[in-house]
Visitor: 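I have a structure I would like to understand better, so I am pasting it below and will then ask my questions one at a time.
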Amino acid sequence: MGDYSEIKRSTEGDDVQGSQSKRQKQGDEEEEQSFLTPSPFESIPSHIIPSILTHLPVDEAARTSALSHKWKDSWTWIRDLNLNLGGEKNCCLTAKQVDHILSSHRGETISTFRVALCVEHHSAPDVNRWVKFAERKGVHRLALLNCRRHRDQYNRLLRKFAVGCESLTALELSRCELGGISSFQESKNLKTLKLQNVALKPDTLECIVTKCLSLESLLLRECSGKLPARVRICSPSNLRMLELTKFGGFVPPMEIRAKSLRVLVTDMVEKIEKIDSPDLEILSSGHVCFEDTPHRRYEPPDVDDNDNDDPIRRLMLSSPTDAEFLGHYFGLHGESPVESETHEFDKLQGLFINLDLDPVLQNILLAIVLRKCTHLRELDIKLVQGCSSSSGRWVDMANYWETKVSPDSIAQRLKKTRLRGFTGKDLQLGFAKFLITKAPVLGKLRIRFRKNIPEEFVEAISAELLSLPRASLDLSIEIDSHSCLK
Amino acid sequence: MSESTEKKMVRLRSSDGEVFEVEESVAKVAKTLQDMLEEDCADAVIPITCVRAPILTKVIDYCKDQVMISSSSSTTNNPNERTEQERKAWGQKFMEGVDSSTLCELLVASNFLNIEGLLNLGVDKMVSMIQGKYPQEIRDMFNVVNDFTPEEEEEIRNQNAWAFERDPYYKKRSSSK
């Protein structure tokens, strides 16, 4: 008993005896020091400690109880409980251990309760008990992951929670099957709902949107199931962020009417037939483009997060059908399927797209888009080789940008432009030249050449671009080739 | 742009007596100081009793940067505007090389001065330093005095045995026996 702590305190060395006495000595010195000035570690304000421990896995947080008296109970005050019970690396906590953790908790409230369940080890009553605990502690965000086995339990919980738990503002579920309408009774408080890898019933989506009146963020990732013949997402007021990605199964045409929608992420933009969301700030066809605008910021819009009036409005596309979608979106193809008309584009400040600027048609499209987006500040084009080979008929348009586009109303406010996958061919080069010579306030132009473009060619083009007279006084041009990254 | 007139200066004295003169806008990043300045009860030197000079230097560096960002972001579309990512990278760089005792003092200072951003940076740094470590390792790193008697510690470990199961120090005991 007595020698336990001595040995435990030795950090290294096989010679227990030796290190033991060394420790002892050092310990005495430390004690002496601590009389003079309290160790900085001990002077950390107590109320900060739980916020540190909240970021640690719960077992690590609990281990800090052995540090010192001051830290002993700190871990029982953490506000976020994150129990990863199903991880392969960390062996499962038994239900009893989880119960112990929960009963140790002293804080009056918890804000996040996140449990990744382990199918073999936990039964439905366990889960029920834990969720009740969370409810008692006034949980704001609840996540139950990997509940495949507990479908009935799930649906019951959901039903109960959606109505009963007033504090709950965010709910995340993964790997489960959702029942029908009954699972989503009207919910006044739920603001964020994230479903990952969840099997949906045909009416689930519509129900969620119409019944969860406060819902601000709805994320559906890797979900599957049968959708109705036409997906209608009609949110009268609050929905601000919608993500529909990696849907497994057939996706019918979609119709989105959400007056407050700011962010729409979907890899199925081509399925969207109608958007009626005049305040849309970001439309992205994938996560990829979110490198600049962290997704996180939009994901759980915290109740007291006032960082919402971000003026940036961006359209981010990254699917092969971008050009087609753009056409639809800007109402350029015949009958305009997008109802909300041009008024929404004048607010657009960022445009991130994949285009193939070899066919002249896409250049015309781009010119039209640029003309419509009078407030555009940032343009990022990834030049992709399109499948359309209709360029033959348009050979005489090789100098489209030089001759056919009147610069007066295009790119007047453009500040930043990036062209990736640049080949330096006629029309692409023409567009680059156009920007350099015509965009009045362009500050930065970055051009990145496609792989396998001969170096001499890159150099020749670079020299040509760099020598052009510039419309903007503070334009800096950066050119990267793949062989020599600057 | 608006500050064409002479900038108002504020003087701060660290616990070890060094006096720092900073612009009012910089001092106001610290909410505690902002309150004091707004109540106009800070004519003379403001004593920051629990913060030593080297720490206060670091804190002032942080505040200066915050002022730089916010003043430039009022002019639209400025080059200094940071994306979330850049902000994160900047924070990491700012805390880089901060040793364990400085970190603790920074936490104390940012708590006292009520600088939320700096406090968060400190908490993040703290988390990254103690992550994955066992109590003894944390004690060694931060020079923490173990103020438990062996019996007390044993009891704590037993209470939460599930968390200590794989503590190498714990194992050592059973293997060395």
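Proteins come first, then strands; the chains are lettered A, B, ... in the order of their sequence lines, and each starts at number 1.
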Visitor: If you count heavy-atom pairs under 4.5 Å with chain A, which of N111(B), V108(B), N120(B) comes out on top?
Guide: N111(B)
Visitor: If you count heavy atoms of other groups shown closer than 6.0 angstrom to NZ of K64(B), is the number above 12?
Guide: no
Visitor: Count the heavy atoms belonging to other residues, nucleotides or ligands that lie under 6.0 Å from CD of E478(A), then report whether that count exceeds 12.
Guide: yes
Visitor: Where do E60(A) and G132(B) come nearest, in terms of heavy atoms and distance?
Guide: OE1-N, 2.6 Å
Visitor: Give, as side chain, backbone, both or neither, the part of H55(A) having an atom under 4.5 angstrom from any heavy atom of chain B.
Guide: both
Visitor: Please identify each residue that fulfils side-chain contact (heavy atoms from CB on, under 4.5 Å) with D99(B), with sequence neighbours left out.
Guide: S101(B), T102(B)
Visitor: Report which part of I48(A) has an atom under 4.5 Å of a heavy atom belonging to chain B: side chain, backbone, both, or neither.
Guide: side chain
Visitor: Do H69(A) and E152(B) come within less than 4.5 Å of each other through their side chains, counting heavy atoms only?
Guide: yes
Visitor: Hey, what do you get for NZ (K125(B)) to CD1 (I52(A)), rounding to the nearest 0.5 Å?
Guide: 13.5 Å
Visitor: With a 4.5 Å limit on heavy-atom distance, are the side chains of F41(A) and N143(B) in contact?
Guide: no
Visitor: For the residue pair L67(A) and F142(B), establish whether any side-chain heavy-atom pair is separated by less than 4.5 Å.
Guide: no
Visitor: Please confirm whether the backbone N or O of F164(B) pairs with a side-chain atom of R63(A), one donor and one acceptor, at under 3.5 Å?
Guide: no
Visitor: Within a reach of under 6.0 Å around NZ of K416(A), are more than 12 heavy atoms found that belong to other residues, nucleotides or ligands?
Guide: no
Visitor: Under 4.5 Å, counting heavy-atom pairs only, tell me which of I156(B), V123(B), D147(B), I138(B) racks up the most with chain A.
Guide: D147(B)
Visitor: Which heavy atom in N160(B) sits nearest to a heavy atom in W75(A), and how many Å separate them?
Guide: OD1-CZ2, 3.5 Å
Visitor: Any side-chain heavy atom of W71(A) within less than 4.5 Å of one from V144(B)?
Guide: no
Visitor: Nearest 0.5 angstrom please: L56(A) CG to M126(B) CE, how far?
Guide: 9.5 Å
Visitor: What part of L103(B) gets within 4.5 angstrom of chain A, counting heavy atoms only: side chain, backbone, both, or neither?
Guide: neither
Visitor: Report which part of Q159(B) has an atom under 4.5 Å of a heavy atom belonging to chain A: side chain, backbone, both, or neither.
Guide: backbone
